[in-house]
2 protein chains.
Amino acid sequence: MSNNDIKQSLKLYIVLSRANKAINEVTNQFFQDHGLNPTEFAVLELLHHKGRQPLQQIGNKILLASGSITYVIDKLEKRGYLERVSCPSDRRVTFAEITEAGTEFMKELFPEHEENLHELLSVLTPEEKDTAIELLKKLGLSIKDLSY
Amino acid sequence: MSNNDIKQSLKLYIVLSRANKAINEVTNQFFQDHGLNPTEFAVLELLHHKGRQPLQQIGNKILLASGSITYVIDKLEKRGYLERVSCPSDRRVTFAEITEAGTEFMKELFPEHEENLHELLSVLTPEEKDTAIELLKKLGLSIKDLSY
DNA sequence: TATTGTTATACTCTATAACTATA
DNA sequence: TATAGTTATAGAGTATAACAATA
């Protein structure tokens, strides 16, 4: 493997990092303008799109320890965006369920989030986006596989 | 603009985020194995490749407030990887300069970092990497422009 | 007056460990 | 015994504001 191949990989890493960072700066600011941090948005998005979830599973999906989940869920519950619901069949389990207010909030927020992203990515044609999606998907899956 | 275009952009955002996250999990672990966090690696990399820098400018380049820069530079100085050098022509200014030990450290670390990345990206052919570089570079630059 | 860097302080987020209650 | 969630606690990293030295 040549030195040029190494440099090419480094270059790809740099442009990938920069593109990701540039997008995140915009989306994180958007979340913050609406009183959320990225973790909180991730939780609300999960509950909004996938329905109520046991706290444990939320922690697994967004990679957060149980004590940290309690903290995040507390904050969102205090703001009225979700509520805790006991599981009748297993009384150890608590679901987080998005409230009416939380649903309204996400119905407003999520399409705006999508449009922000669409605008940020507008320099690429639909064909270029398909190409990028294919390459990045292959890359992401491959790296996940390598990690196991 | 159609709903499908919006969904395509969302999809691109998701695969981009995931690929980036997958890479960062590996590189951050690599940094941590060598006693550094990503910010500290970024500072050392800057000094290693671009030479000594006024503290203020380091803060600008890696987006850190002046009080936080003092904290990071303190930590790296205590480990012997850099030292503070007064600027003779403007006595308000302090440079951070990488030491011999820091240089040796980076001469060992950086090629290993590059090889790790190369392996992580090995699922893509050189041609695919060139395509990805071109698209992501265009994307990153365009978003930066949109922010101003 | 403006700028550089330091100090002191506080805050946010996350992890860990001990605990309670269920299973 | 094992699991779900809470509580208490600690730590890392960052930001802010007040400050001293210098321009």
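All values reported here derive from a predicted model rather than from experimental measurement. Letters go in sequence order (proteins before strands), and every chain restarts at 1.
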Requested in this report: Classify the nucleic acid contact of A/Thr94 as base, sugar-phosphate or nothing, counting any heavy atom under 4.0 Å across all strands shown.
Outcome: sugar-phosphate
Query raised in the report: Looking across every strand, which nucleic acid part, if any, lies under 4.0 Å from A/Leu64 by heavy atom: base, sugar-phosphate, or nothing?
Result: sugar-phosphate
Indicate yes or no: does [X] engage [Y] in a salt bridge with an N to O separation below 4.0 Å.
| X | Y | answer |
| --- | --- | --- |
| A/Lys107 | A/Glu112 | no |
| B/Arg84 | B/Glu97 | no |
| A/Glu45 | A/Lys50 | no |
| A/Glu83 | A/Arg52 | no |

Report task. Could you list by number each residue of residues 81-89 of chain A showing a heavy-atom separation from DNA chain D of less than 4.0 Å, or answer none if no residue does? Result -> A/Arg84
Query raised in the report: Looking at DNA chain D, which of residues 18-46 of chain B put a heavy atom within less than 4.0 Å of it?
Result: B/Asn37, B/Thr39
Interatomic distance where [atom1] belongs to [X] and [atom2] belongs to [N] [whole Å]:
| X | N | atom1 | atom2 | result |
| --- | --- | --- | --- | --- |
| A/Tyr71 | D/dT9 | OH | P | 17 Å |
| A/Asn60 | D/dT3 | CG | P | 12 Å |
| A/Phe95 | D/dG5 | CZ | C1' | 13 Å |

Report task. Check if the side chain of B/Ser68 and the base of D/dA15 share a donor-acceptor pair of N or O atoms closer than 3.5 Å. Result -> yes
Query - A/Gln32 and A/Asn37 side chains, donor-acceptor separation under 3.5 Å - result: no
Query raised in the report: Do we see a donor-acceptor contact under 3.5 Å between the side chains of B/Asp33 and B/Gln29?
Result: yes
Query raised in the report: Would B/His34 and B/Phe41 count as a close aromatic pair, with their ring centres under 6.0 Å?
Result: no
